Amino acid sequence: MKHLLCFLVLFLISGVGSFDLVIDEIPDEVENLIDLEIDGFPSSSKTRNGRFQVQYPEMLKKIKGNQECLEALSKQPVPCQGLCMCSQVEDDDKIGLYSYKVQSTITSRLANTMIQAKMVNNAKRSQHIVFDVQVPKGAFIDNFTMDVNGITFTSKIREKSEARKMYSQAKAKGKAAGIVRSNALDMENFKTEVNVPPGMRIQFELHYHEMIRRKLSSYEHVISVKPGRLAKHMEVDVRIIEPQGLRYVHVPNSLGDHFDGITTISKGEKKAHVSFKPTMAQQRKCPTCSSTAVDGNFVVQYDVNRETTGGELEIFNGYFIHFFAPENLDPLPKNILFVIDVSGSMWGLKMKQTIEAMKAILSELRAADQFSLIDFNHNVRCWRDNLVSATPAQVEDAKKYIQTIHPNGGTNINEALLRATFILNEAQNLGMLDPNSVSMIVLVSDGDPTVGELKLTTIQKNVKQSIKDEFSLFCLGIGFDVDYDFLQRIATDNRGMAQRIFGNQETSAQMKNFYNQVSTPLLKKIQFNYPQESVSDVTQSSFHNYFGGSEIVVAGKVDTENLQHLESIVTATAANAELVMETLRDVEELDGFMKKDKYADPEFTKKLWAYLTVNQMLAERNTAPTAALKRNITKSILQMSLDHHIVTPFTAMLIENAEKDEIMLADQPKDPRRGCCPGTLGLTPNAPNNNKGIPAWANVTAVPVSFMPEQRSPPVSSLSINRVDNDPHFIIYLPKSQRNICFNINSEPGRILNLVSDPDTGVVVNGQLVGAKKTENKKLNTYFGKIGFYFKNKGLKVEITTETITLKDGSYGITLTWSDTGHIIRKQLLISVKKESNVTITVGDEMSFMVLLHRVWKNHPVNVDFLGIYIPPENQFSPAAHGLIGQFTSEPEVYIHHERPGQAPEKPQATMEVKGNKLTVTRGLQKDYRTDRVLGTDVQCWFVHNSGKGFIDGHYKDYLVPHLYSFLKKP
């Protein structure tokens, strides 16, 4: 084996940083030979000019042809990325990369990616090959294999100390490569170096998976494609399987104009295929060039359809995933304090880019927002000592202030953050904050504290005590010197998140991009509830905020053997209402779809649950208050890592051949400036919830039971309600005489009819007519296509169409669709939506209304979707109420007599005396659709002809109003 594989080193490093390779006893003659650059940092056995250096093991002496390879390495002037070869110059072109393939399959946001490279050494000398690929930070590497001339190396995951012990034993026998622990900044590299003898073939194959998170209304899948040289066959193949349905798929030109028109996209309703297959000629930088132009990131962007505000429940193989990304919500007002580091280290490009970004960010503040600025070095300065409204004048003044900043001095992070929390706490104590607003602090810094409190744990404790779980803290760390681990811990500890910003020409764009992710809070106090007897091991289910364009994902195990449907209830606070959203899914709904698709990952739910669980535990470990708790969390992470075969900070990957006499080890990267856990997420720990919810198993935090009015659905009895349905048929129930009186209104499409107008209670109900697609029997039937409710005393308007249900409160609005099941609560008014069925509006104990949805076949040549409305006579309207229905709050005296046969035997006629009029009426049947929306229930009534003339006051045209929320004018 030694003559085939003389040297192999596996390691994970940052794509832009340096690394340490920890090896003992390096011979002087080898040490003197190595002096290469890695990602721009010169490497040798010693630190030079403060930059990290690389050390190689004694076993380098045993490499076949090592002198030639080492000499080539020592002369290499640039970083080696992708597939790099080290040999004498005359043999370089005899290395053949005959296949470079990337295959990625996304199944419901879970991306499984495989990168494979096949090479052959056609030279007469040994060639040094580097397989170097970038892996997204936060992705879990789960497999690596290597085939060296038919000898296969496979991987397995072991607890880190056990793996190191096995490595040490192999090393003692000269059968191991080095252990590498490396820094990690933005990207992580997986790198393998092999000295390949003449004629040898070698294949590398790396597998990793990740959950693609939604940012700025898009999922973005990034694949690093850096083959390092021309490939005879090159292919990037991405398949997307999304049961929710694909809204769009887009591939930006991230590799450059050189590859215009090469990528193909095939998109179906729920699946898409993206293919990038440049020929060798297309790969060349120029027609006569021998170098490749393929060097960058291949990016696929997409989004999915969202029919329900309550989110999408996907259940498969004993796990559930709940995707929650509601739209059509008004932003919550925000109170935001920008805390900007202006110490001396921010001088130059960093400060210039920060000022540019801040000016743009300030311009995007909304009129309802409040804000202020704090800049700090060794001192702390406030632009304003309190929050001010984001008026154009205040925003312009803040921009001028930012422009005058000149960096100098030290860094007093502790006092700056405490000043920011004081301003927010003071504003809250003085009642200056809208109860529905979201408060946040955005810290921008590029270094560690150098003035004031220096102990990071004390700063973290001080800020936590000051914020008191009331606000969110977001941290932007600029550059590589910042202690990103600290920023991440303090942000996670305070319901926020951190992001590293690179101090270069893109700093401004990166800052604005981050701000855009948190600039539009749509919901707060979001709580996910599931029946406790049916689910277990649920990931984080309580969230402080939901920002527009993002997505909340909750996962857990579900007992599919003893459960037919899984129900979820999500409660949240919106800009002008409390929301209670219900979702119900058949546990076998996905089975057929998933099993038919050969590319879909059958374990996607299990992997997503594990991904979320491990990342959540890593975040909890970072903020664990005691060493004992931290140890327990570590044990849980370790067990999860072993069970799911993934590399985490507490496991390592062992790679060995079948005979187990050659062994290599790859560690998770560790950045000493970041602690143990790179790639962890800024999650909010579950908050305790003591409220009882609806139903009993739901832990509702956003909507206390005392706040919810009792839901009074109109009674189901077909004899006790006023209703308007079909084209449109009015049925008026008269309680005293216990009769139903019917009439039709024949008007024109677009006209608005007043149903209830009660100036004393301030309630209006109007309906707008919509026409059929064409006339039938020389008549165009009309129906209610839109119904409006106006509750003047509450300042609330409700608009119901055949597509949406919208609650409006002044300038704020919240919209549900008929695909939702849920509740909206605002000012003691409850709107309850039952999916594709009905909407019930309940106003305290005083009144309720039900609107039914009638769907027809969308390609029907005549009929259209329409609405029906049902109003109980028990509603407490005032005597002043009027309208086509409201006038019957005061029941008129009705006398029906002289019943006689009609033109049809089943439709007898009679004389009705009412309001001083004698009318000929016909007895027949109308429909009540509350219990059977398709066929309806027959209701007997006496029908008044001529659009109710004589039974209603005046003419039906007297009930036409100009707007959907207009009161009826007094005659």
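Predicted model only: the values in this text are computed from it and were never measured.
Aromatic rings from Tyr530 and Phe320 are positioned such that their centres are separated by under 6.0 Å. Aromatic ring centres of Phe276 and Phe298 lie closer together than 6.0 Å.
For the pair Lys270 and Phe593, the distance from NZ or CZ to the six-membered ring centre is under 6.0 Å and the angle to the ring normal is within 45 degrees.
Counting heavy atoms of neighbouring residues, nucleotides and ligands inside a 6.0 Å radius, atom NZ of Lys512 exceeds 12 of them. By the 6.0 Å contact criterion, NZ on Lys464 is enclosed, its count of non-hydrogen atoms from other residues, nucleotides or ligands being greater than 12.
Judged purely by atom type and a 3.5 angstrom limit, Asn317 uses its side chain to pair as donor or acceptor with the backbone of Pro602. With hydrogens and angles disregarded, no donor-acceptor distance shorter than 3.5 Å links the side chain of Gln517 to the backbone of Ser550. With hydrogens and angles disregarded, a donor-acceptor distance shorter than 3.5 Å links the side chain of Gln244 to the backbone of Asn305. No donor-acceptor distance shorter than 3.5 angstrom exists from the side chain of Ser437 to the backbone of Lys334, with no hydrogens or angles considered.
Ring orientation note: the planes of Phe547 and Phe474 are nearly perpendicular, at an angle over 60° on the 30°/60° scale.
Taking each heavy atom of Ala325 and Arg214 in turn, the nearest pair found is CB-NH1, 3.8 Å. When all heavy atoms of Thr421 and Phe471 are compared, the pair lying nearest together is O-CE1, 4.2 Å. Heavy atoms only, all atoms of each residue included: Ile569 and Glu582 are closest at CG1-CG, 3.9 Å.
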